[in-house]
Structures are given as C-alpha cells and as structure tokens.
Amino acid sequence: MIKIATLPVATRDARERIQRRMCGAVPASLIPASLIPGLNMRKLLAILVISCWATSAYAQKADLIVTNAKIVTLDPASTIAQALAVRDGKIVAVGGNDAMEGLIGPATRRVDAGGRTIIPGLIDSHIHAVRAGLTYATEVNWIGAKTIGEAMERLRQAAKARPASWIIVAGGWSELQFAEKRRPTLAEVMSAVPDNPAYIQLFYSAVLMTPKAQQALGMSADQPPAGITSERAASGETTGWFNGSIVSISALFDRLPRPNFEENVAGTRQFFTELNRLGITGIVDPGGFSIYPSHYAALQKLWREKSLSVRVAYSLFAQNVGAEFEEYKTLTPFLPMGFGDDMLRFNGIGERITGAMYNNNAPDAAAKDKFLEIIRWAAKQGLTVTIHWQEDKSVHHLLDLYEEVNKETPIAPLRWSIAHLDNTSSETLARMKALGVGWTMQDAMYLGGDRIVAQAGEAARSMPPIVMALRTGVHIGAGTDAHRVASYNPFVALQWMLDGKTVGGLPSGPDETPSREDALRLYTVGSAWFCFDETRRGTLENGKLADFAILDRDFMSVPIEQIGATASLLTVVGGKTVYAADVFSNAK
C-alpha cells in the first residue's frame with residue numbers, strides 16, 4: 001500500500017503541474033525545473049499515478065444509468081440483467097443495480113425503469129421509411145383502424161386540418177382489419193370528405209378515387225391510365241375503385257401532388273418519431289418506386305443537423321428501366337459502400353436491380369445477361385445487393401446467376417440478400433446458405449395472407465419457413481416492407497411471427513413458429529447483420545451502441561395476443577433519448 005503524505009504548498013504546485021503534464025493537459029516546458037529536485041521522485045510518481053487514475057475515473061462516470069429493469073440483453077448466454085450504464089453513446093456496464101453505483105457522477109442521468117422490460121432497439125431489415133417520411137405529414141394513416149367508421153373519421157379530421165387539400169391514404173391497411181370485412185365505398189368516402197379530392201390505395205393492387213381526384217388528374221372511369229382498369233358493379237356502374245399492377249399503380253401515385261421540401265422534412269421527422277415510439281432505433285431501407293436521389297434531401301438535412309432519431313442504412317433502387325447500369329455507375333462513385341456514419345450509411349444497390357428481372361418468374365436470356373452484367377460489376381465494386389423476389393418456383397434463375405458471380409468474386413463477405421420469398425424451400429435455403437446470402441423476411445402474410453392461405457391450403461402452414469431457415473443457418477432479418485403494403489408496427493409483426501395468424505384470423509406458418517427470444521433476435525441483431533452492424537448493436541452488451549427501449553409491457557411473458565399493442569415508453573439511440581412517454585418525461 002502506498003501511503004500518501006501531505007506535501008508543502010510549493011511541492012503540491014509542482015505535483016499539480018506534473019500531473020497535468022502526465023494527463024496530457026500542458027506541455028512539459030511549462031513545468032519549472034527548479035521545483036522538481038526538491039521532491040522524492042519515486043513517491044511523487046506514485047502519487048501522480050494514483051491522482052491521474054482518480055482524475056480518469058472521475059471522467060469515466062456514466063452519462064446515463066438505468067436501474068430496476070428487466071433487461072433482455074440477447075447476449076449469447078441469454079442474460080437477463082437489472083441495470084445498465086451508458087457513456088459516450090455506448091454501453092459500459094450491464095448487471096445488477098449495485099454494480100452501477102461506482103459509475104454515478106454529478107452529471108449522470110438516472111432512470112428508474114420501475115421493473116419494466118428493456119429490449120435492444122428494434123431494427124427493421126426491409127422498410128421503405130425514407131419514402132414514407134416524405135409524405136407522412138400530409139397523408140392519412142389507416143394503420144390500426146378497426147372499423148370503416150374509424151377510418152372515415154380519420155379522413156374527416158384530415159380534411160378539417162387541411163380544407164380542400166388532397167386526402168391521400170397511401171396503403172398499409174387491409175379490408176380484413178375492419179369489423180365490416182370490406183373496403184369502404186365511394187359513397188362513404190364522399191360523405192366523409194365531400195370537398196376534397198381523395199385517393200385511397202390498397203396495397204399495390206387497387207385505388208379508390210373520388211370524382212374530384214379523377215378530375216384533378218385528368219382521367220375518368222371510362223378513360224383510365226395505361227395499365228389501370230375501372231371496377232364496375234353488377235349493374236354496370238363504376239364503383240370508384242381502379243385496379244392495376246405494382247408498376248401501373250406506382251405510376252398513378254406519381255401523378256399526385258408532392259409535398260414541398262418543408263413538408264418532407266416535417267414528415268420524415270414525424271415518421272421517425274413514430275418509429276421511435278414503437279421501439280425502432282434502426283432501419284435498412286431498400287429505396288423503392290418513385291424515390292429519386294433528390295428525394296433524400298430531407299433525410300440528409302436531418303442528418304446534417306444531427307437530429308436523426310433512427311439509424312438509416314439505405315440502398316439505391318433503379319428508377320430508369322432500361323438504363324439501370326448507367327444509373328448505378330453514375331451515382332455510386334459518390335457513394336462508396338459503407339459511406340456515411342453510425343446514423344446514415346450507404347448500403348449498396350437494390351431492391352430492383354433491373355426492371356426486366358423484377359417480379360419476373362420466367363426471365364429470358366437477355367434479361368438474365370443484363371442482370372448478370374450488373375451484379376458482376378457490383379461484386380467487383382464490393383457493393384451489397386438486395387433483391388425483391390416473391391416465388392420459390394422461379395428463384396433458381398436468380399441463384400444460378402449468383403453462383404456464377406461467386407465463382408469469380410466471393411459474395412458472402414458482401415452480404416447479398418433476398419427479400420420476401422415467403423414460400424421458400426429447404427433446397428433454396430441450402431443454396432442461400434452455401435453462398436452466404438441472407439433473407440429479409442417480412443410480415444406480408446399478416447395483412448395479405450388470407451388470399452395466400454386460400455390459394456395455398458396446407459402449404460401455408462410453413463409460410464414463411466422461419467424455423468427451417470434458422471436451422472439451415474441462413475442469416476435472417478425481420479421487418480415489415482411498410483408502409484404501402486404493410487403496417488410499420490414491429491410488434492404487430494412480432495405477434496404474427498409468434499401466433500401465425502393473418503389479420504383475418506387464418507393460420508399462417510403455425511409449423512414455423514420461433515420462440516419469443518428468437519423472434520426478438522431476428523428483429524435486432526439479425527437485422528443488424530444486413531448492414532454489417534451485428535458486432536456493434538442488436539444486443540445489450542458492453543461496448544455496443546446504446547440503443548434500447550423500455551416497453552409498456554413484458555414482451556417475454558404477456559399473452560401473445562397482446563404483443564401487437566406494445567409500445568415503447570422510453571427509446572434511446574446512442575445514449576440519447578429520442579422518445580419519452582409522460583411517465584419518463586424527465587428523462588429527455
């Protein structure tokens with residue numbers, strides 16, 4: 001043990017000056033040489049070591065400490081902890097309440113979780129959030145509406161807030177979510193918003209437009225745009241509903257008035273806060289139809305201002321059919337793979353690589369050659385590739401090309417992935433595993449599964465084959481594909497993963513039900529893999545980024561049918577509070 005003596009004033013002054021030098025505060029030239037010879041240097045150095053250690057320890061106090069929690073760490077040992085500490089945006093301690101005492105300093109923020117459950121921040125591995133944010137401030141959202149009356153009331157409120165403006169519902173709903181089990185009629189919409197042009201989109205298959213909306217777009221039921229057909233009742237009268245494909249519906253949506261830049265920024269901020277309310281701290285965004293480079297300006301503004309509340313990894317989606325390769329070669333020199341930081345990062349190309357291979361179950365040789373040219377180039381550039389593919393019966397066309405590229409450039413380190421593919425087979429999963437190709441799996445079966453169950457019959461019991469994929473060892477990330485074709489609510493997706501029920505109550509994938517912990521892993525560390533972050537986030541361990549959510553109920557024990565109603569009471573990204581309900585308002 002080193003005994004510390006009280007030093008004379010002059011000696012203390014020398015000690016303090018040397019201490020500052022040792023701790024990197026002042027240059028050596030500022031320490032008077034005349035003061036040093038009077039000290040016992042061995043004793044002085046010992047004192048200085050202890051003093052510097054104490055100074056360092058004081059500086060190493062936590063910025064934030066959360067205690068009295070049930071922390072689902074998702075570490076390899078499935079540890080359940082009681083408290084955690086955060087410093088400089090990272091977790092520095094996980095354990096019991098008592099273990100945090102030494103990390104508390106005068107500037108430490110303290111949060112008592114009150115016994116509530118904490119989970120790692122959720123990461124949606126496939127969500128069109130950047131596009132959703134552009135229009136979120138000016139759209140009407142039917143997500144969670146349980147009756148047509150409730151949906152109509154949301155239209156009324158929007159019309160009251162924005163008289164005579166466009167009323168747009170861009171998707172994310174199904175008629176089966178309503179107690180009436182049907183779509184709203186033109187008469188119901190006209191009664192709710194008689195003075196507004198209204199456009200209501202159902203997935204990418206149908207749109208209701210009021211006469212004012214049709215007139216504003218210069219179309220009619222008798223003269224619909226190319227690729228769009230008018231729906232008619234048995235009497236022959238038009239219903240106001242129009243049907244089309246994903247391409248034609250997207251083209252129709254593009255004709256709607258777009259929000260201005262300020263509305264883009266406000267919408268992005270609002271949408272990301274809504275995601276935070278649901279415990280989401282990260283997304284992997286595959287671009288999408290109708291989102292061009294200029295449309296990323298709102299996202300980039302929030303990033304420059306350091307006000308992003310969700311970590312975003314984004315891909316380039318080819319917009320110019322027939323000129324996709326030129327588009328990629330023009331844009332990617334300014335976006336090398338991984339360009340960005342912890343909050344905003346470029347993550348490669350996809351989910352449409354070429355128009356000819358998009359939703360094409362029988363591509364010809366020319367389509368394959370063009371696609372191969374691009375992905376061969378992408379592999380040599382070190383780019384991640386994600387691809388939209390629906391059917392297992394045709395995915396061999398894609399995997400054949402991947403295997404050809406892999407002979408020249410190993411693609412496993414590039415973390416290529418396939419999105420959707422709900423009916424994938426054991427053979428396909430084995431090929432994906434061999435290539436190191438991941439699978440981003442969404443809850444499409446929740447809103448859209450009733451039709452698929454009716455068509456597939458018993459085969460739907462294993463759609464999507466989550467447990468089979470886990471056993472095969474394929475990397476899986478969970479997500480929603482929101483917001484036009486699905487709800488962005490991750491807890492709705494998690495409930496569906498665990499009970500296998502569609503919105504209409506039919507069984508979907510009951511033979512492929514993961515455990516609660518496995519489902520949560522797919523939505524956290526599983527999704528983090530797709531943006532090269534699985535060693536940095538997705539679990540609550542020392543050294544990981546401090547992204548977590550305190551929930552309003554215990555995900556691990558509440559009845560499964562209650563999981564979909566879960567929300568976060570406090571969401572933290574990098575140690576910073578990005579959402580706080582009233583109960584934690586003092587934690588902002």
Side-chain angles (χ1 to χ4, degrees), residues 126-143 151 154-155 158 162 165-175 183-184 186 189 193 196-221 223-231 239-261 263-264 267-268 271 285-299 317-321 351-352 355 358-359 388 444 447-448 480-488:
H126 189 95
I127 178 172
H128 302 273
V130 177
R131 184 179 64 192
L134 296 175
T135 55
Y136 191 74
T138 57
E139 286 180 357
V140 180
N141 194 321
W142 280 358
I143 290 175
R154 294 188 188 184
L155 298 186
R162 301 190 300 275
S165 67
W166 275 82
I167 300 297
I168 298 172
V169 179
W173 64 280
S174 163
E175 67 268 34
R183 301 180 302 187
L186 177 61
V189 174
V193 286
N196 302 70
Y199 173 101
I200 297 169
Q201 183 169 315
L202 176 61
F203 302 122
Y204 278 107
S205 57
V207 171
L208 182 146
M209 283 184 285
T210 61
K212 284 182 178 294
Q214 295 177 41
Q215 183 180 6
L217 295 182
M219 58 171 282
S220 69
Q223 293 182 316
I228 301 290
T229 59
S230 301
E231 186 178 276
T239 66
W241 283 94
F242 297 82
N243 301 315
S245 67
I246 185 172
V247 174
S248 58
I249 295 289
S250 295
L252 184 59
F253 189 91
D254 274 352
R255 295 174 60 179
L256 298 177
R258 289 188 176 272
N260 60 37
F261 179 69
E263 291 168 330
N264 292 160
T268 301
F271 185 56
D285 190 302
F289 288 101
S290 313
I291 178 165
Y292 298 88
S294 62
H295 295 144
Y296 288 82
L299 177 73
F317 181 108
Q319 301 294 337
N320 301 309
V321 174
E351 69 179 301
R352 181 169 75 174
Y358 189 83
N359 275 348
H388 169 113
L447 279 184
T480 59
D481 200 18
H483 80 307
R484 292 188 185 171
V485 298
S487 164
Y488 49 74

With a 4.5 Å heavy-atom cut-off, do His128 and Phe289 have their side chains touching? no

Hey, does Val485 have a side-chain heavy atom less than 4.5 Å from the side chain of Thr480? no

Counting C-beta onward and ignoring hydrogens, is there a side-chain heavy-atom pair between Met219 and Ser230 closer than 4.5 Å? no

Just verifying a value: how many Å separate Leu208 CG and Gln214 CD, rounded to the nearest 0.5 Å? 8.5 Å

Between Gln223 (side chain) and Ser220 (backbone), is there a donor-acceptor pair under 3.5 Å? no

I need the Tyr488 OH to Ile143 CD1 distance, nearest 0.5 Å. 4.5 Å

Shortest non-hydrogen contact between Trp142 and Ala151, atoms and distance: NE1-O, 3.2 Å

Set of side chain to side chain contact (heavy atoms under 4.5 Å, CB included) partners for Ala206, sequence neighbours left out: Arg183, Leu202, Trp241, Asn243

So, using side chain to side chain donor-acceptor pair (under 3.5 Å) as the criterion, who are the partners of Ser248 when residues are at least two apart? Ser245

Quick one: ring-ring contact (aromatic ring centres under 6.0 Å, His included) partners of Phe203, sequence neighbours excluded? none

So, for Gly172 and Leu447, which heavy atoms are closest and what is the spacing to 0.1 Å? O-CD1, 3.8 Å

Taking salt bridge (Lys or Arg N to Asp or Glu O under 4.0 Å) as the test, write out the residues that go with Arg255, two or more places apart. none

Please tell me if the side chains of Leu186 and Pro211 come closer than 4.5 Å, counting only heavy atoms from C-beta onward. yes

If you define the side chain from C-beta out and look only at heavy atoms, does anything of Ile200 sit under 4.5 Å from Leu155? yes

Under the side chain to side chain donor-acceptor pair (under 3.5 Å) rule, collect the residues that match up with Thr239, sequence neighbours excluded. Glu231

Are Leu252 and Phe242 side-chain neighbours, meaning at least one heavy-atom pair lies under 4.5 Å? no

Could you tell me whether the side chain of Arg484 and the main chain of Gly171 form a donor-acceptor pair under 3.5 Å? no

Decide yes or no for Ser250 and Tyr204: does some side-chain heavy atom of the first lie under 4.5 Å from some side-chain heavy atom of the second? yes

Just how far is it from atom CG of Leu256 to atom CE of Met209, taken to the nearest 0.5 Å? 8.5 Å

Contacts of Ser165 that satisfy side chain to side chain contact (heavy atoms under 4.5 Å, CB included) - sequence neighbours left out: Arg162, Asn196

Contact summary for Tyr136 and Gly267, nearest pair of heavy atoms: CB-O, 3.6 Å

So CZ of Phe317 and CG of Asp285: to nearest 0.5 Å the spacing works out to 11.0 Å

Side chain to side chain donor-acceptor pair (under 3.5 Å) involving Ser487 - partner list, sequence neighbours excluded: none

With sequence neighbours left out, the residues meeting ring-ring contact (aromatic ring centres under 6.0 Å, His included) with His295 are Tyr292

Report yes or no: does Thr135 contribute a side-chain atom to a donor-acceptor pair with the main-chain N or O of Thr138 at less than 3.5 Å? no

For Ala198, the side chain to side chain contact (heavy atoms under 4.5 Å, CB included) test, sequence neighbours excluded, returns Ile167, Val189, Val193, Thr210

Any residue meeting ring-ring contact (aromatic ring centres under 6.0 Å, His included) with Phe253, in chain and number order, not counting sequence neighbours: Tyr199

Check His126 against Pro286 and note the closest heavy-atom contact, atom names and distance. CE1-CG, 3.5 Å

Please list, chain by chain and in numerical order, all residues satisfying side chain to side chain contact (heavy atoms under 4.5 Å, CB included) with Asn264, sequence neighbours excluded. Leu134, Pro259, Ala298

Only counting residues at least two apart or in another chain, list the ones meeting side chain to side chain donor-acceptor pair (under 3.5 Å) with His483. Glu139

Nearest heavy atoms of Ile246 and Asn359, plus distance in Å: CG2-ND2, 4.1 Å

Ignoring hydrogens, what is the shortest heavy-atom contact between Trp173 and Gln201? Give both atom names and the distance. NE1-O, 2.8 Å

Please confirm whether the backbone N or O of Ile291 pairs with a side-chain atom of Gln319, one donor and one acceptor, at under 3.5 Å? yes

